[in-house]
Amino acid sequence: MDTSPTRQQPDPAALAATVAGLQARARTELAELVAFKSVADEAQFPKSECEAAARWVADALTAEGFQDVATLDTPDGTQSVYGYLPGPAGAPTVLLYAHYDVQPPLDEAAWISPPFELTERDGRWYGRGAADCKGGLIMHLTALRALKAHGGVPVNVKVIVEGSEEQGTGGLERYAEAHPELLTADTIVIGDTGNFRLGLPTVTATLRGMTLVQVQVDTLEGNLHSGMFGGAAPDALAALIRVLDSLRAEDGSTTVAGLEAQGTWQGLQYPEEDFRQDAKVLDGVGLIGDGTVADRLWARPAVTVLGIDCPPVVGATQSVHASARALISLRVPPGMDTAAATKLLREHLEQTTPWNARVTTEQVGQGQPFQADTDSPAYTSMAEAMRVAYPGEEMQTAGMGGSIPLCNTLATLYPDTEILLIGLSEPEAQIHAVNESVSPEELERLTLAEAVFLTKYAASKA
C-alpha cells in the first residue's frame, strides 16, 4: 500500500466505472443481510437473528482487511460491530456508521413480496432494511472496495455498525460514553438518512430527538359487564382516549403543556403537494398542524400514539375496561432538550387523566436532537463529491424529522469532529412502512459520492 498522504486522486470516471462494476456484488450482499430478521426485540423475533447479522458484518469487515474487528456487547443487551482499516501515514481518520437492526415488518400480508427476501420490482430492490440501514452498510463497503481498486483507501477508516438503533434503547451511546477513545475520528459519516428527493443530493443538517413514554391507566380491579355497570363504572380505556386526545389541538398540532411548538425552518422547503404525494395522503384528507410543512417536520415537536393495548374488535366482549395502556412517541426539534420535553410530556399525561384514575408513566427510550456544522471543511469535500456523483446537481441541506440518538452523543464526546449525514432513505424508500425499498441507482451514486468524498477529504487534510 502506498503510504504517501499526497497520493494522486483517482480519475472520477474510472472510479465511477469501478463502482458500477461492483453493484452486482452489492445486491448479492444486501440480499444476504436483508434475510436476517434482525429486529432488536426478542418479543418479536429471536435474538439469534440479530446475532447472526452481527456475525455477517464482522466477517465482512475481516474479509476487507479490517483490523481489531470486534463484536461489542452493549449495555442494552445488543451487539455493535467495530473494525479499523489503517490508511496512509499521517492521513485523517473517518468513522463510517450504519446499523444492521431493522424495524419490524408490520403486517407481512401487506407486503407485495416477503419482507426478508430482497426482491427486484419496477427498478427497485424491496425488503426490510434495504434502505434503512443495511443498504447504508453496503454503501460503505462498496465505496472502500472501489478505492482499493484505485491505489488504496486514502484515509484511516473506522466502521461501527449498530445493533439497536431502531429500538432507541441507547446501547451504543452508553458504550461510546464508557469507551470514548473507540470512535474518535476527524470526520464521521452517518449513512442513515437520505436525499430529499430521489436524485437530489442532500446532506441532513438537523435531526429531531425522540422520547418514548408508556402510559397506563387503571380504574377497576377487573373488567365489568357493561350492561350492569356501564354508565357509572370508570372506564380505563375511555380515560386513556381522553388523555391521548389532549395531546393535539383541533388542527392536529402537538399540545403538550409547557412545550414550545412554534419553531420555524429557514432552509430548504417542502411543498405541500410534494409532501401529500410522498406521504400518500388520501384524497380530501387534510394535513395536520400549522406553519409550513418544513416547520412541522423539522422545527417543531410532534407526538404520535404508536400503539394501544386494548381488546381488538374481533372477539371483544361487552365490558367496561379496568386497564388500558399506550406507547407514545414525542419527536423533539434541535434547540430543545429531550429530557426536559420528556418531563413535560409525563406531567401532561398525569395531569390530564380524568376521574382520579390511577395513571403511571414510564420512559422507555430517549435520544437528543442534533444540529450539524455545515460550514466545516468536510461539507465542502462532500459538496464536491456530490457534483461528481450527481452531474448538474448541487448538494442541498435539509432537516429530517427522524432521530439518530447516537449523533448527539458523538457530537458531545467529540466536539471538534465533523459529522455528515447521508443515506438511501429518500421518500420513495418508504422506510418503517410495508414494502420498504432502495433505489439501486441511488445506491450506486451515493457509493461513488462517498468514495470521491474520501479522496477529496484526504487531499484537503494533506
So does Asp278 pair up with Arg197, basic N to acidic O under 4.0 Å? yes

request  = Show your reasoning for whether side-chain hydrogen bond (donor to acceptor under 3.5 Å, both in side chains) applies to Ser253 and Arg248.
outcome  = CA-CA 5 Å; Ser253 301; Arg248 293 190 183 278; over 6 Å; no

>> Checking side-chain polar atoms at under 3.5 Å, does His432 have a donor or acceptor matched by the opposite partner on Glu166?
In response: yes

Take a 6.0 Å sphere around CD of Gln269 and say whether it holds more than 12 heavy atoms from other residues, nucleotides or ligands.
yes

For Leu33, is there any backbone N or O sitting under 3.5 Å from a side-chain donor or acceptor partner on Lys134? yes

### Task
Verify the distance criterion only: is there a donor paired with an acceptor across the side chains of Gln368 and Thr338 at less than 3.5 Å?
yes

* Would one find more than 12 heavy atoms of other residues, nucleotides or ligands at under 6.0 Å from atom NZ of Lys343? -> no

Less than 3.5 Å apart, any donor N or O on the side chain of Thr254 or Arg300 sitting next to an acceptor on the other? no

Side chain to side chain contact (heavy atoms under 4.5 Å, CB included) test vs Leu330 passes for just one of Thr342, Leu259, Val213, namely Leu259

**Message:** Between Lys158 and Thr184, is there a side-chain donor-acceptor contact under 3.5 Å, judged purely by atom types and distance?
**Reply:** yes

Hey, are Glu173 and Thr409 close enough side-chain-wise for a donor-acceptor pair under 3.5 Å? no

#### Entry: Side-chain donor-acceptor contact under 3.5 Å, Asp132 with Gln103
no

Could you tell me whether the side chain of Arg128 reaches within less than 4.5 Å of the side chain of Leu106, counting heavy atoms only? yes

Closest non-hydrogen contact found for Ala398 with Thr202 is CB-CG2, 3.8 Å

Checking Val19, Thr18, Thr142 against Leu448 for side chain to side chain contact (heavy atoms under 4.5 Å, CB included), the one that qualifies is Val19

Notebook entry, point to check: Should Arg445 and Glu441 count as an ion pair when the cut-off is N to O under 4.0 Å?
Noted result: no

The complete set of salt bridge (Lys or Arg N to Asp or Glu O under 4.0 Å) pairs with one or both residues in residues 36-63, sequence neighbours excluded, reads none

Next on the checklist: Test side-chain hydrogen bond (donor to acceptor under 3.5 Å, both in side chains) on Glu442 and Asn195; report intermediate values, then the result.
Outcome noted: CA-CA 9 Å; Glu442 200 82 302; Asn195 286 343; 3.0 Å; yes

Glu162 vs Tyr175, side-chain hydrogen bond (donor to acceptor under 3.5 Å, both in side chains): CA-CA, chis, key distance, verdict: CA-CA 11 Å; Glu162 188 174 3; Tyr175 192 95; over 6 Å; no

Closest heavy-atom pair, Trp125 versus Gln23, reported as atoms and distance to 0.1 Å, is CH2-O, 4.2 Å

Answer yes if the ring centres of Tyr82 and Phe66 are under 6.0 angstrom apart, and no otherwise. no

**Request:** Could you tell me whether Arg387 and Glu394 make a salt bridge, using a distance below 4.0 angstrom between a side-chain N and a carboxylate O?
**Result:** yes

In terms of heavy-atom contacts, Glu177 and Arg174 come closest through OE1-NE, 2.8 Å

Q.
For a side-chain hydrogen bond (donor to acceptor under 3.5 Å, both in side chains) check, start with the C-alpha distance between Gln266 and Thr264, then their side-chain angles and the critical distance, and finish with the verdict.
A. CA-CA 7 Å; Gln266 302 302 320; Thr264 58; 3.1 Å; yes

inquiry  = Within the 3.5 Å criterion, strictly below it, is a donor on Thr62 or Glu64 matched to an acceptor on the partner's side chain?
reply    = no

Classify the side-chain pair Asp76/Ser164 by whether it contains a donor and acceptor separated by less than 3.5 Å.
yes

**Within the 6.0 Å centroid threshold, strictly below: Phe45 and Phe116** = yes

